[in-house]
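Notes to accompany the following structure.
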Amino acid sequence: MQKITIIAVGSLREEYFKNAYAEYVKRISKFAKLELVLIKETNSLKEGEEILKQLSKFKITQTESGKDSVYVLNIKGTEYSSEAFAENLIKDKSHLIFIIGGSDGLSESVSKSGFNVSFGKLTFPHQLMRVFLVEQIYRSFKILNGHKYHK
């Protein structure tokens with residue numbers, strides 16, 4: 001079973017974000033073990049230091065086949081379709097780590113800590129990005145397992 005870690009700044013405050021996130025985490029549990037590491041919201045420099053500290057706790061091994069991967073959600077990153085996201089980012093990885101910054105964005109050191117992925121050129125609140133991310137992870141598992149998933 002794959003392991004997925006989300007390192008995210010700030011907590012989900014609104015019930016509707018909490019409910020949506022919880023629903024997708026429940027759905028993902030059939031395919032992978034998901035762990036959430038929360039970083040206290042302060043400023044991008046302090047958040048960045050804490051993100052890198054948490055990231056250093058994982059034994060990340062970038063093998064030739066890319067078995068373990070760190071993905072930084074960044075508006076300047078590479079955009080994917082849902083199918084390409086599944087094939088290129090989720091498939092055949094043993095441990096995926098996703099990083100979501102806070103309201104002030106990401107420090108440069110965090111941006112350099114992994115492959116930068118964009119969900120589009122629009123700016124979204126970090127709470128909503130967490131919901132978007134788990135939905136896309138769930139969608140990826142459905143795609144990879146040949147299940148129908150609304151396009």
Side-chain angles (χ1 to χ4, degrees), residues 1-41 47-48 50-52 54-106 110-111 113-151:
M1 182 172 273
Q2 283 179 293
K3 180 178 178 185
I4 299 171
T5 302
I6 298 173
I7 300 174
V9 174
S11 61
L12 298 178
R13 291 182 286 276
E14 287 81 4
E15 282 302 312
Y16 50 88
F17 286 138
K18 291 177 185 178
N19 292 338
Y21 179 82
E23 178 61 29
Y24 283 110
V25 168
K26 183 175 88 175
R27 293 180 187 190
I28 290 168
S29 70
K30 297 173 186 158
F31 304 102
K33 181 181 180 218
L34 193 139
E35 171 189 24
L36 177 64
V37 177
L38 290 177
I39 305 297
K40 183 179 178 185
E41 193 169 6
E47 292 165 0
E50 186 59 29
I51 289 169
L52 294 174
Q54 292 298 321
L55 192 57
S56 72
K57 293 179 180 180
F58 297 100
K59 293 181 177 141
I60 302 165
T61 56
Q62 289 289 10
T63 63
E64 285 183 31
S65 59
K67 292 290 183 192
D68 294 337
S69 299
V70 176
Y71 300 114
V72 179
L73 300 189
N74 186 339
I75 199 167
K76 297 175 185 171
T78 303
E79 292 182 43
Y80 290 92
S81 67
S82 293
E83 294 81 4
F85 186 89
E87 280 292 322
N88 296 306
L89 277 62
I90 305 294
K91 186 178 180 183
D92 297 329
K93 307 289 192 297
S94 59
H95 186 194
L96 299 137
I97 300 173
F98 291 93
I99 299 171
I100 303 173
S103 301
D104 292 336
L106 298 162
V110 172
S111 294
S113 69
F115 184 76
N116 285 242
V117 177
S118 175
F119 278 36
K121 299 299 178 198
L122 298 172
T123 302
F124 299 105
H126 61 280
Q127 293 184 80
L128 187 55
M129 267 320 300
R130 197 176 317 168
V131 175
F132 283 166
L133 175 61
V134 291
E135 188 280 333
Q136 282 300 305
I137 292 169
Y138 174 68
R139 183 181 297 258
S140 293
F141 283 120
K142 296 296 277 187
I143 291 167
L144 293 171
N145 285 284
H147 298 135
K148 265 191 138 178
Y149 200 98
H150 179 71
K151 293 182 181 187

Are the side chains of Val9 and Ile100 in contact, using a 4.5 Å heavy-atom criterion?
no

Minimal heavy-atom distance between Val131 and Ala20, with the atoms involved, is CG1-CB, 3.8 Å

Can you tell if the side chain of Ile137 reaches within under 4.5 Å of the side chain of Phe31, non-hydrogen atoms only?
no

Is it true that a side-chain atom of Tyr71 and a backbone atom of Leu89 form a donor plus acceptor pair closer than 3.5 Å?
yes

Side-chain contact test, heavy atoms from C-beta onward, threshold under 4.5 Å: evaluate it for Glu35 versus Lys3 and give yes or no.
yes

Between Tyr80 and Phe85, what is the ring plane arrangement, given parallel below 30°, perpendicular above 60°, and tilted in between?
perpendicular

Has Lys93 got a side-chain atom pairing as donor or acceptor with Asn88's backbone, closer than 3.5 angstrom?
yes

Taken to the nearest 0.5 Å, the spacing of Leu128 CG from Tyr16 OH works out to 9.0 Å

About how many Å separate CG of Leu122 and CD1 of Ile75, when rounded to the nearest 0.5 Å?
7.0 Å

Heavy-atom pair with the smallest gap, counting every atom of Ala86 and Leu144:
O-CD1, 3.7 Å

Side chain to side chain contact (heavy atoms under 4.5 Å, CB included) between Arg27 and Tyr24, worked out:
CA-CA 5 Å; Arg27 293 180 187 190; Tyr24 283 110; 3.7 Å; yes

Examine distances only and state if a side-chain atom of Gln2 and a backbone atom of Ile90 form a donor-acceptor pair shorter than 3.5 Å.
yes

Side-chain heavy-atom pair Leu36, Arg130 within 4.5 angstrom cut-off
yes

Taking Gln54 as the fixed residue, which of Ile97, Ile39, Ile99 is the one that meets the side-chain contact (heavy atoms from CB on, under 4.5 Å) rule?
Ile39

Does the Glu47 side chain pair with the main chain of Gly101, one donor and one acceptor, at a distance under 3.5 Å?
no

From CG (Leu34) to OH (Tyr138), nearest 0.5 Å:
14.0 Å

Check whether any side-chain heavy atom of Lys76 sits under 4.5 Å from a side-chain heavy atom of Ser118, and report yes or no.
no

Counting C-beta onward and ignoring hydrogens, is there a side-chain heavy-atom pair between Phe141 and His147 closer than 4.5 Å?
no

Locate the shortest heavy-atom distance separating Ala32 from Ile4; write the atom from each residue and the value.
CB-CD1, 3.8 Å

Shortest non-hydrogen pair, Lys121 vs Glu79, comes out as CE-OE2, 3.5 Å

4.5 Å side-chain heavy-atom contact, Phe119 and Met129
yes

To the nearest 0.5 Å, atom NZ of Lys30 lies from atom CE of Met1 at 11.0 Å

Separation between CD of Glu135 and OG of Ser140, rounded to the nearest 0.5 Å:
8.5 Å

Nearest 0.5 Å, what's the CG-NE2 distance between Leu133 and His126?
13.5 Å

Taking all non-hydrogen atoms of both residues, which atom of Gly114 and which atom of Val72 are closest, and how far apart?
N-CG2, 3.9 Å

Quick one, Val134 and Ile6 - any side-chain contact, counting heavy atoms below 4.5 Å?
yes

Please check if atom NZ in Lys26 has more than 12 non-hydrogen atoms from other residues, nucleotides or ligands closer than 6.0 Å.
no

When every non-hydrogen atom of Leu106 is compared with those of Leu73, the smallest separation belongs to CD1-O, 3.3 Å

